[in-house]
*Asks:* 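One structure coming up, written as structure tokens, with questions to follow.
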There are 2 protein chains.
Amino acid sequence: MPPRKTVSTKRSAVIKALAHPSRLLIAEALMEGEMCVCDLKDLVGADMSTVSKHLSLMRQAGVLVSDKRGLNIYYRLACDCLGDFLRCLDQLAPKKATTQSCC
Amino acid sequence: MPPRKTVSTKRSAVIKALAHPSRLLIAEALMEGEMCVCDLKDLVGADMSTVSKHLSLMRQAGVLVSDKRGLNIYYRLACDCLGDFLRCLDQLAPKKATTQSCC
DNA sequence: AAACTATTTGGCAATTTAGCCAAATAACCA
DNA sequence: TGGTTATTTGGCTAAATTGCCAAATAGTTT
């Protein structure tokens, strides 16, 4: 595989970890501080096992780090540069503009 | 759907448009300037129809804009804030660190 | 140790996504 | 007009992703 492709494959694994509504919701919530799985389960509104799988996917990708204290496992963002990215996203007009730049 | 979820669903559509190795490769290439479909086909190394479908998905999501000139259709990034995001991604150590933050 | 709580893992069905081929469209040229 | 080039669309199969349930694991409490 050419080097340029290798780089984009690694990067896309990280992006993929954020490219799901529930996972992005989790990332956004964790921008305000760490949370345990049961808190996140309430936020997302899915089965705990589903949330847990989302979390381990995000941890695998390097987006989150976890920390076990007592019975709970707390998750938090591995990097706080995500905020700028989310602000960037909101500038992209969804679907409408076909031939014009947004910014 | 609660408002917080609506927002993250819209945002995740944009992220999804970048969450594929070929599509990210395309986005990275377009950071250096516009390209037509056949240029991108050579870069990605897939069938032109496949590349075309990736491009229309990205345009739908608002990540790219297109511009027809003669026989060619030129694509370029809708927003140049992506560069900062990609730099952020590279700080996230893939997979290794389980309990430590990267930055 | 037994019961309890929080989380993860395995397995499976349903849905979504990817990529190729072939055919359709659109603009250019002779 | 007919031919050629660039791109998109339709259709199909293969592969990946999602989400639930049930069972397993790990730490806590009594």
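Predicted model, so just to flag it, every value in this text is computed and none were measured. Residue numbers start from 1 in every chain, and the chains themselves are labelled A, B, ... in the order their sequence lines are given, proteins ahead of strands.
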*Asks:* I'd like to check the side chain to side chain contact (heavy atoms under 4.5 Å, CB included) partners of B:Ala27; sequence neighbours left out, ordered by chain and number.
*Replies:*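 Scan of B:Ala27 (side chain to side chain contact (heavy atoms under 4.5 Å, CB included), adjacent residues dropped) gives B:Leu18, B:Met58, B:Leu77.
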*Asks:* Scan B:Tyr75 against the nucleic acid and name what it touches under 4.0 Å (heavy atoms): base, sugar-phosphate only, or nothing.
*Replies:* sugar-phosphate
*Asks:* For a quick check of understanding: with a heavy-atom distance under 4.0 Å over all strands, which category does B:Lys41 fall into, base, sugar-phosphate or nothing?
*Replies:*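 The residue B:Lys41 makes no contact with any strand.
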*Asks:* Rounded to whole Å, how long is the line connecting atom NE2 of A:His20 with atom C1' of C:dT15?
*Replies:*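 Going from A:His20 (NE2) to C:dT15 (C1'), I get 11 Å.
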*Asks:* Please collect all ring pair (Phe, Tyr, Trp, His ring centres under 6.0 Å) contacts where either partner lies in residues 46-73 of chain A, sequence neighbours excluded, each pair once.
*Replies:* A:His20-A:His54
*Asks:* Check side chain to side chain contact (heavy atoms under 4.5 Å, CB included) between A:Ala29 and all other residues, then give those that pass, not counting sequence neighbours.
*Replies:* A:Met35, A:Leu43, B:Arg4
*Asks:* A:Leu24 CG to D:dT17 P: how many Å, rounded?
*Replies:* 18 Å
*Asks:* Consider only side-chain heavy atoms of I, L, V, M, F, W and Y, link residues closer than 4.5 Å, and tell whether B:Leu55 and B:Ile73 are in one cluster.
*Replies:* yes
*Asks:* Return each pair, listed once, that meets salt bridge (Lys or Arg N to Asp or Glu O under 4.0 Å) where at least one residue sits in residues 11-25 of chain A; pairs must be two or more places apart or across chains.
*Replies:*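 For residues 11-25 of chain A: A:Arg11-B:Glu28, A:Arg11-B:Asp90.
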*Asks:* Please, which pairs that meet salt bridge (Lys or Arg N to Asp or Glu O under 4.0 Å) have at least one residue in residues 45-55 of chain B, sequence neighbours excluded?
*Replies:*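 Qualifying pairs, neighbours excluded: none.
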*Asks:* In whole angstroms, how far is the C1' atom of D:dT7 from the CG atom of B:Asp42?
*Replies:*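 From B:Asp42 CG to D:dT7 C1': 14 Å.
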*Asks:* Which residues, if any, of residues 28-40 of chain A bring a heavy atom under 4.0 Å of DNA chain C?
*Replies:*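 Correct list: A:Cys36, A:Val37, A:Cys38.
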*Asks:* Output all residues satisfying side chain to side chain contact (heavy atoms under 4.5 Å, CB included) with B:Ser12, sequence neighbours left out; order by chain, then residue number.
*Replies:* A:Pro21, A:Leu24
*Asks:* Could you note down all residue pairs passing ring pair (Phe, Tyr, Trp, His ring centres under 6.0 Å) where residues 56-78 of chain B supplies at least one of them, sequence neighbours left out?
*Replies:*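 Output for this query is empty, none listed.
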*Asks:* Rounded to whole Å, please give me the gap between CZ in A:Arg59 and C1' in C:dT9.
*Replies:* 13 Å
*Asks:* Please encode protein proximity along nucleotides 24-30 of chain D as a string of B, S and -, counting only heavy-atom distances under 4.0 Å.
*Replies:* --SBS--
*Asks:* Among residues at least two apart in sequence or on other chains, which ones pass side-chain hydrogen bond (donor to acceptor under 3.5 Å, both in side chains) with A:Asp42?
*Replies:* none
*Asks:* Scan residues 22-43 of chain A for pairs that pass ring pair (Phe, Tyr, Trp, His ring centres under 6.0 Å), counting only residues two or more places apart or in two chains.
*Replies:*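 Listed by first then second residue: nothing to list.
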*Asks:* Starting at atom CG of A:Asp67, determine the distance to atom C1' of C:dA6, rounded to an integer number of angstrom.
*Replies:* 15 Å
*Asks:* Without decimals, in angstroms, what is the distance between A:Ile15 CD1 and D:dT17 P?
*Replies:* 15 Å
*Asks:* For B:Ile26 and C:dA18, what is the distance between atoms CD1 and C1' respectively, to the nearest whole Å?
*Replies:* 13 Å
*Asks:* I need the CE-P distance between A:Met58 and D:dT18, as an integer number of Å.
*Replies:* 12 Å
*Asks:* Give me the residues of residues 47-54 of chain A where at least one heavy atom lies under 4.0 Å from an atom of DNA chain C, by number, or none.
*Replies:*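 Contacting residues: A:Met48, A:Ser49, A:Ser52, A:Lys53.
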*Asks:* Is any side-chain heavy atom of A:Arg69 closer than 4.5 Å to one of A:Asp67?
*Replies:* yes
*Asks:* Is B:Asn72 near enough to D:dT7 that one of its side-chain N or O atoms lies under 4.0 angstrom from OP1 or OP2?
*Replies:*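 Yes, because at least one side-chain N or O of B:Asn72 sits under 4.0 Å from OP1 or OP2 of D:dT7.
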